[in-house]
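The basis for the numbers below is simple: all heavy atoms, side chains too, and nothing from hydrogens, waters or symmetry mates.
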Amino acid sequence: MLDFKGISVHYGHQDVLTDVTFRVNKGERIGVVGPNGSGKSTLFKIVLGEMSTDSGELIIEQNPRIGWTRQNPQPDYDEETLLEYSLRGIPGLSQIESEMRRLEENLDDSSLKRYGELQSQFEHLGGYDVETRVKVALGGLGFSTEEFSKPFKSFSGGWRMRAELSRVLASKPELLLLDEPSNYLDLPAVDWLQKFLKAYDGTLMLISHDRFLLRTLTSITLEVDAGTVTRYEGDLDYYLNEREVRYEHLKAAKENQDHHREQLQRFVERFRAQATKAAQAQSRQKLIDKLDEERIILPKRYTQSGRLRLAEPPPSGIEMFRAEELTFSYDGSRNVLDKISFNISRGDKVALIGYNGLGKTTLMRIIAGTRSPTSGKAVIGHNVIPGYLSQEFAETIPPDVSVYRNAKNAIPPGMNEKNFRNQLGAFGFDENDIEKPSGVLSGGEKIRLAFLRLFLSAPNFLLLDEPTTHLDLDGRRLLQDALGKYRGTILLVSHDIEFVRAVATSILEITPEGIRQYPGGYDYYREKKDERAAKSQNSSPVARQTKNETSASGEQKISSKELRRQRAEERAKMAPKIKELKRRVETAEKKLEELQKALDEASAELFNPTPTTDFAEVNRQVRTIQFEIDRYTADWEEAAEELEKLSN
């Protein structure tokens, strides 16, 4: 379908792509990965004809209908509605429909043939059910039916991009080019997008750092790095394993090349001035020049790898935050948050989930102290120090200010220069980095700088709003590992399902009906959501009858070998669930031990008060701890009981 042959692209003195050759076959599902700025989007621009190449050619076979998302979608006219805009996704469809309607007004023998041709084209393009497809896509991406008739221009940039995505998805293209489609989505919408693309039967090229989408949707991987494109005949996990093997071979070859060049260079420097050796020196200089032309370049992800070590959090009380009937409104008429109540305890790692517009960022700002609730209570616990990383963290770092000065401006009173420089080193900035203007940093380097500024104030409660947005695959894994080892408390919002699955130990879901708390991780949350949906479906008489008929007709004898195979498959299916249940049991036991110790200390203070004892505060602490003990005991009992059933 697409044949890239020896393509090179240069921006000024920068070689973006150098002699790139690869092929995309019809029906393939390809993940395009690589560091930020490596040239992934350049490939799409070449396919779309938005960029010319300096050399080489691209052959596009069979003239496929291509679907892609534009970066700045605009309405055709001021009052164009969301639905009308989204229906414009198939080029030429509206013109075909207009001509068919014109012919219908005066249909005769001479126009009948033309009408039949148009009708065939209209049907082939999916014109008869395009409105249904568009509405399904809009709903899956978070739009309500009431918003379909709103003017397109009334939506923000992020929601316009969702509409653009729904327009493209509903157009049924033969070749679908998606560049970071999850960047504008919340987690439920990413979940819907994955299911939709799973059923897509065309050719897919997906640029993404989202490991969930790459793992579940792609079977071929293209790595764009250091001006080259390498095709891996496997999915993301195959690529991650194979690239390490290739890197070791490449590293060894580079070491041999560098060693050979050094030997040649020493000979040239030693004998170039001697008449008897001048010809040999000149010959070796030509070899050096040839080696320089064929110089092996290590992938950027290795040469720019960094580290992220998060400091030990300062001690705090058991309760980190408590919301009681918390309500917030921006305009005084519509509540963004309406009488929500929940609490977060020390050591919890909570993912805040819900569609955009339901108040996730607002809640983060209230906890961080940058907003106050309209009514109700927002209580920060004893010795709790929030550290807030907003979605706009990259924009809050002045680009013309050096790394050193940006970090220095966040230094707390009393920190000496030696400790400050140790912190710079802990976050991967050495003496060669600290004088760089912050504007030249990569996305991964910017987030390390943002975390450095955050941790200079020594927080023990991290509030992270979409922290992975600017990160590539390796940057996300770096942050994920660091947060997994962090011993403090975390509340995070992220559309990266793999990231949430790896970091969060509990889920807080915001819905239009209110807020729900799930004591397990993301897989537990999905399981409970599916159980609720299934219970709702199975409650109908038709569903129960179908289930009974299936059970009755499904009784048949099977061989012992087949029985063993089925049992092995069942055990394999149950393994992730058992692992999650064991983790919940261990977490609950650890929490209960900490809570019991805290309760003993608080009780001891009540029984043996000092002149400074605040009885009201200590009693409140006791009630909070007892509430937490009840919560974790209930979770322990539920997980332990389910684990026992599965283990038998």
Side-chain angles (χ1 to χ4, degrees), residues 67-90 130-171 176-197 206-210 213 328-331 333-338 352-365 371 390-395 465-470 493-497 509-512:
W68 77 98
T69 52
R70 295 169 297 174
Q71 290 305 305
N72 187 27
Q74 297 292 334
D76 261 7
Y77 53 92
D78 279 353
E79 298 309 313
E80 184 176 35
T81 66
L82 169 66
L83 183 59
E84 288 169 340
Y85 173 85
S86 302
L87 286 170
R88 289 197 286 109
I90 305 177
V130 64
E131 184 168 339
T132 300
R133 297 200 308 273
V134 163
K135 287 179 177 178
V136 167
L138 288 172
L141 292 172
F143 290 98
S144 65
T145 53
E146 293 79 15
E147 291 174 313
F148 291 177
S149 57
K150 285 186 177 180
F152 182 76
K153 67 179 184 180
S154 67
F155 292 92
S156 65
W159 284 99
R160 287 190 187 191
M161 286 305 299
R162 289 189 185 217
E164 176 73 3
L165 181 57
S166 70
R167 182 184 68 84
V168 172
L169 295 177
S171 69
L176 180 57
L177 307 179
L178 294 179
D179 191 347
E180 293 290 359
S182 62
N183 271 3
Y184 304 96
L185 306 180
D186 44 48
L187 198 143
V190 171
D191 214 2
W192 178 88
L193 176 65
Q194 185 269 344
K195 291 181 174 66
F196 186 97
L197 291 177
L206 172 66
I207 295 175
S208 183
H209 298 309
D210 191 310
L213 293 182
F328 182 85
S329 173
Y330 285 100
D331 57 12
S333 59
R334 190 182 73 87
N335 291 335
V336 179
L337 300 169
D338 189 19
L352 188 58
I353 289 177
Y355 281 112
N356 287 347
L358 292 180
K360 300 190 299 295
T361 295
T362 300
L363 180 57
M364 284 275 199
R365 289 171 177 165
R371 294 275 183 184
S390 71
Q391 291 187 44
E392 301 80 22
F393 73 86
E395 285 72 37
D465 198 352
E466 296 290 0
T468 65
T469 298
H470 302 271
V493 173
S494 177
H495 61 256
D496 186 327
I497 290 178
E509 182 188 31
I510 295 183
T511 71

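The OG atom of S494 sits 5.0 Å away from the CD atom of E466 when rounded to the nearest 0.5 Å. The OG1 atom of T145 sits 11.0 Å away from atom CG of L83, with the distance rounded to the nearest 0.5 Å. Rounding to the nearest 0.5 Å gives a distance of 7.0 Å between CZ of R371 and OG1 of T362. In this structure, L187 CG and L352 CG are separated by 10.5 Å, a value rounded to the nearest 0.5 Å. In this structure, R365 CZ and D465 CG are separated by 7.5 Å, a value rounded to the nearest 0.5 Å.
Under the 30°/60° scheme for interplanar angles, the aromatic rings of Y330 and F328 are found to stand perpendicular.
Between L176 and L169 there is a side-chain heavy-atom pair separated by less than 4.5 Å. At least one side-chain heavy atom of L197 sits less than 4.5 Å from a side-chain heavy atom of L178. The shortest distance between side-chain heavy atoms of W159 and N356 falls below 4.5 Å. Residues L358 and P512 meet the side-chain proximity criterion, which asks for heavy atoms closer than 4.5 Å. Contact of the L165 side chain with the L185 side chain is registered, since non-hydrogen atoms from C-beta on lie closer than 4.5 Å. In this structure the side chain of V493 never reaches within 4.5 angstrom of the side chain of T361, judged on heavy atoms. By the 4.5 Å heavy-atom criterion applied to side chains, D186 and R162 are counted as neighbours.
Each of R160, Q74, K153, R167 was evaluated against Y85; a single residue qualifies, R167, per the side chain to side chain contact (heavy atoms under 4.5 Å, CB included) test.
Here the side chain of E80 pairs a donor or acceptor atom with the backbone of D76 at under 3.5 angstrom. The backbone N or O of G354 lies less than 3.5 Å from a partner atom in the side chain of K360, making a donor-acceptor pair. Proximity of a side-chain donor or acceptor of S166 to a complementary backbone N or O of V134 within less than 3.5 Å is not detected. Judged by distance alone, the side chain of E164 and the main-chain N or O of R70 form a donor-acceptor pair under 3.5 Å.
Of all heavy-atom pairs between F152 and P73, the closest is CE2-O, 3.8 Å. Across all non-hydrogen atoms, the minimal contact from P151 to S154 is O-OG, 2.6 Å. The two residues L213 and S182 have their closest heavy-atom pair at CD1-CB, 4.1 Å. Taking every heavy atom of both residues into account, E147 and G142 meet most closely at OE1-O, 4.3 Å. Contact record, P181 with I207: CD-O, 3.8 Å, taken as the closest heavy-atom pair. Taking each heavy atom of G139 and F148 in turn, the nearest pair found is N-CZ, 4.4 Å.
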**Request:** Run the numbers on D210 and N183 for side-chain contact (heavy atoms from CB on, under 4.5 Å), then give the verdict.
**Result:** CA-CA 9 Å; D210 191 310; N183 271 3; over 6 Å; no
**Asked** Please walk me through it: do F143 and K150 pass side-chain contact (heavy atoms from CB on, under 4.5 Å)?
**Response** CA-CA 11 Å; F143 290 98; K150 285 186 177 180; over 6 Å; no
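Surrounding CH2 of W68 are at most 12 heavy atoms belonging to other residues, nucleotides or ligands under 6.0 Å away.
Every residue two or more places apart in sequence or in another chain that forms a side-chain contact (heavy atoms from CB on, under 4.5 Å) with T511 is listed here: E509, E513, R516.
With salt bridges taken as basic N to acidic carboxylate O contacts below 4.0 Å, one links E131 and K135.
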